[in-house]
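Below is one structure; the comments refer to it alone.
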Number of protein chains: 2
Amino acid sequence: MSDLSDDPTAPGGTRRRKAATIRDVAQAAGVSTATVSKFINGGQRFTREVEDRLTTVIRELGYVSNPLARGMITGQTGNVGIVILDILNPHFTSLVKGASRVARQAGLNLLFTDAAEGEMPELAMLQALSRRVDGLVVSARLSDASLDWLVQAGPPAVYYGGRTSHPGCFSVGSDNSEAALMLGRHLRDLGHRRIAYVGFSGARWSADRHAGLLRAFEGSGVELRLHDVQAPVPEEGERIASSVLLCSEPPDAVVAYNDLLALGLMSQAQVLGLNVPGDVSVAGFDNIIYSRYTSPALTTVDMGSEAVGAIAMQRLVERIRGEAAGGGHETLIAHVLPRGSTRRRGERA
Amino acid sequence: MSDLSDDPTAPGGTRRRKAATIRDVAQAAGVSTATVSKFINGGQRFTREVEDRLTTVIRELGYVSNPLARGMITGQTGNVGIVILDILNPHFTSLVKGASRVARQAGLNLLFTDAAEGEMPELAMLQALSRRVDGLVVSARLSDASLDWLVQAGPPAVYYGGRTSHPGCFSVGSDNSEAALMLGRHLRDLGHRRIAYVGFSGARWSADRHAGLLRAFEGSGVELRLHDVQAPVPEEGERIASSVLLCSEPPDAVVAYNDLLALGLMSQAQVLGLNVPGDVSVAGFDNIIYSRYTSPALTTVDMGSEAVGAIAMQRLVERIRGEAAGGGHETLIAHVLPRGSTRRRGERA
DNA sequence: TTGTAGGCGTTATCAG
DNA sequence: CTGATAACGCCTACAA
């Protein structure tokens, strides 16, 4: 195996060639390192001659300033971190997409952490991460100990997904209770009387969504039953489907904690011989892309996942730059998207 | 708004308290910084007294070593980068999941870059990224200029998705042509005679998959038509559906470049009044999670997305540690997953 | 406009 | 076992 390395004894292939430093550039251009530094960082004018020489030399040497060394002086890493619960959940995927775009536009690199992979204690993970970033976008669904530490000793942070109990925090998210209220009213207006909510108690938002449904059905005589799964994934929806749907007085509508669960529920309902929405309506939350491509298409609530990610990162960038206006919670409006999986009771296709 | 900051004039909320340095620890414990450093990094024994004092002081001060400063001297950042094409595509999401898990286990942070967000030139993005990481997992679908630079001047890299033309490179991926060959044989064996391939010429793999289909149908009298879309997304599948399916001699099977396209195609086929698989079979690639939850469930080819991500990162970690055995390409076996969207011609439900 | 020099926090070397 | 000290590459007063 041949390569272009300086060091042919490099193990396992090409060893990285030692990169040019600011001193190499200074020497080659016949100026001081300070001049090079100012040239790189802009904001000063130079002799035509110096400018030309520097431009040439820098290109020839392929010089790129070392972010670590720079960071030591400026105290800025040029990185921001994002901590999410599970990248396989399209809701978080969209969140990352939005955050990633804004970070990129701000010239910041994104340090990604999937908390679902956590063998490491959450707090230790946050502490390790925090020294490598200028700020953090994190899920509000962290332990109180982690949140306390973050607020007191951590880098600037923006929380997504819910209002935190800490004052002075920045957070952004959709109102889960309100979203569920709207979905509940939609179902009530369609004439449903017996509704099952398949929640995921491992998520804080699940209780909010349940509460919203309760509000929607308050005094309307609608019966709301509560189920719970171990994880917000399609497999769990499939698993719990029979016990939700085949009981003695089966529900005429099922609301799932999220679209993934709803996908599994709907699929298994059809396997069990039920017609959706003829026999039972199904609805979820998050408006993941795939909810459009089931048959029937899944009624869901758009929680603005990508926008939440983008806004959270936008606020973080502002905080890092010292432009932030103060703490507080920003709430996005959720939208119910009625689709084929919910239908008025009494109607037939 | 009140906070616990040292500096009440901090803009936009809490300013990060200046973290304890190794010198603070040394002074408080009455030892030298060198001793503290060795204590932190292990691999040496100490007096019981020193050990106790250091343990105490470090905890009290909450000291965590500064990764930037350490990186300057060790030459290691403790970060690895991953460059993918579009995180919204579940294939890449799984890839990141696998890579993330392995990186975490190796104690490395993951710097994530979504190339689809690229206003910045690809090469510039890579150069900026490369100084911040010890290694890179990147898509082989980069421009030749980028690959050249990466091989010559970049950090250790592992390419996923295809064999690169550069010798001495590490790459890992599934064999697209072989995968398509298997899928093609499956369709041929089911008795299909007129097959449409909806490719995405923007991806290198698409040509490989087309070639695999051609091999499968060689000399069998099966007709293979080629279509092309602008992006590998469901919307494009929907858009092209009518022109693929409603022509004068419509195909009896459609193979899409990936599952996302297939989802859109299948959905729109049903809107157009066609029965899948009765009138036309549909199949895709990647085995994204959602392909199980369409109706009918989508026949697809499992390309081992998450495993590819994990293996790529595993090889990268080995290279970084100098344990790598040499360059080369690692090929994963793809599996055809026959599901409800493909059915033998002549059979009826 | 340009140069000099000090220091950011850590590790590695070498001496005690 | 422990300590003093020189780097690592860069930025930033301050001086010229």
Side-chain angles (χ1 to χ4, degrees), chain A residues 15-55 57-58 61-79 127-128 130-134 155, chain B residues 16-55 57-58 61-79 127-128 130-134 153 155:
Chain A
R15 166 166 293 175
R16 196 192 314 214
R17 190 189 313 236
K18 211 167 59 186
T21 75
I22 200 174
R23 264 188 284 269
D24 299 331
V25 175
Q27 191 171 8
V31 298
S32 77
T33 61
T35 303
V36 180
S37 174
K38 287 164 192 154
F39 180 76
I40 300 277
N41 298 328
Q44 195 175 121
R45 312 209 41 165
F46 300 85
T47 319
R48 177 50 155 263
E49 194 191 8
V50 171
E51 192 171 324
D52 289 346
R53 255 185 310 172
L54 279 177
T55 315
V57 167
I58 287 177
L61 268 51
Y63 171 72
V64 183
S65 132
N66 181 331
L68 271 61
R70 155 179 281 175
M72 289 209 52
I73 303 284
T74 62
Q76 301 266 301
T77 63
N79 300 327
Q127 288 173 335
S130 75
R131 299 296 300 260
R132 305 173 170 276
V133 299
D134 300 331
Chain B
R16 200 196 304 222
R17 190 191 314 237
K18 208 166 63 187
T21 75
I22 201 173
R23 263 188 284 270
D24 299 331
V25 175
Q27 191 170 7
V31 298
S32 78
T33 60
T35 303
V36 181
S37 175
K38 286 165 192 154
F39 180 76
I40 300 275
N41 298 329
Q44 193 173 121
R45 310 207 44 163
F46 300 86
T47 318
R48 178 50 155 262
E49 195 191 8
V50 171
E51 190 171 327
D52 288 347
R53 255 185 311 173
L54 278 178
T55 315
V57 168
I58 287 177
L61 268 51
Y63 171 72
V64 184
S65 127
N66 181 331
L68 270 61
R70 155 178 282 180
M72 286 210 51
I73 180 87
T74 63
Q76 302 266 295
T77 63
N79 300 326
Q127 288 174 335
S130 75
R131 299 298 301 258
R132 305 173 171 274
V133 298
D134 301 332

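On a predicted model such as this, the values are computed, not experimentally measured, just so you know. A note on names: the letters A, B, ... follow the listed sequences, proteins ahead of strands, and every chain is numbered from 1.
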Exercise for the section: May I ask you to decide if A/T21's main-chain N or O and A/D24's side chain share a donor-acceptor pair within less than 3.5 Å? Expected result: yes
Practice task
Could you tell me whether B/T47 contacts a base, only the sugar-phosphate backbone, or nothing, with contacts defined as non-hydrogen atoms closer than 4.0 Å?
Solution key: sugar-phosphate
Completion exercise
Residue pair A/T74/B/T33 against DNA chain D: nearer the 5' end by closest nucleotide is B/T33
Handout entry: Min side-chain heavy-atom separation A/V50-A/F39 under 4.5 Å
Key = no
Handout entry: Contact summary for A/N79 and B/R132, nearest pair of heavy atoms
Key = OD1-NH1, 3.2 Å
List, one per line, each side-chain donor-acceptor pair under 3.5 Å for residues 25-37 of chain A, sequence neighbours excluded.
residue : atom : partner : partner atom : Å
A/S32   : OG   : A/A34   : N            : 3.4
A/S32   : OG   : A/T35   : N            : 3.3
A/S32   : OG   : A/T35   : OG1          : 3.2

Problem - First-last contacting nucleotides on DNA chain C - partner chain A, under 4.0 angstrom, heavy atom - result: C/dT1 to C/dG9
Problem - Range on DNA chain D touched by chain A - first to last nucleotide, heavy-atom distance under 4.0 Å - result: D/dG9 to D/dT12
Exercise for the section: Using the closest heavy atom to pick a nucleotide of DNA chain D for each, name whichever of A/V64 or B/R45 lands nearer the 5' end. Expected result: B/R45
Problem - From B/L54 atom CG to B/E49 atom CD, the distance as rounded to the nearest 0.5 Å - result: 10.5 Å
Practice task
Go through A/D134 and A/Q76 one step at a time and tell me if the side chain to side chain contact (heavy atoms under 4.5 Å, CB included) criterion holds.
Solution key: CA-CA 6 Å; A/D134 300 331; A/Q76 301 266 301; 3.8 Å; yes
Exercise for the section: Assign B/F39 to base, sugar-phosphate, or nothing according to its heavy-atom contacts below 4.0 angstrom with the strands shown. Expected result: nothing
Could you list the donor-acceptor pairs under 3.5 angstrom formed between side-chain atoms of residues 63-71 of chain A and any protein atom two or more places apart in sequence or on another chain?
residue : atom : partner : partner atom : Å
A/N66   : OD1  : A/L68   : N            : 2.8
A/N66   : OD1  : A/A69   : N            : 3.4
A/R70   : NH2  : A/N41   : OD1          : 2.3

Handout entry: Between the first and last five pairs of the helix from C/dT1-D/dA16 to C/dG16-D/dC1, the angle of the axes, rounded to 10 degrees
Key = 30°
Practice task
Tell me which residues in residues 22-32 of chain A put a heavy atom below 4.0 Å from DNA chain D, sorted by number, or none.
Solution key: A/I22, A/R23
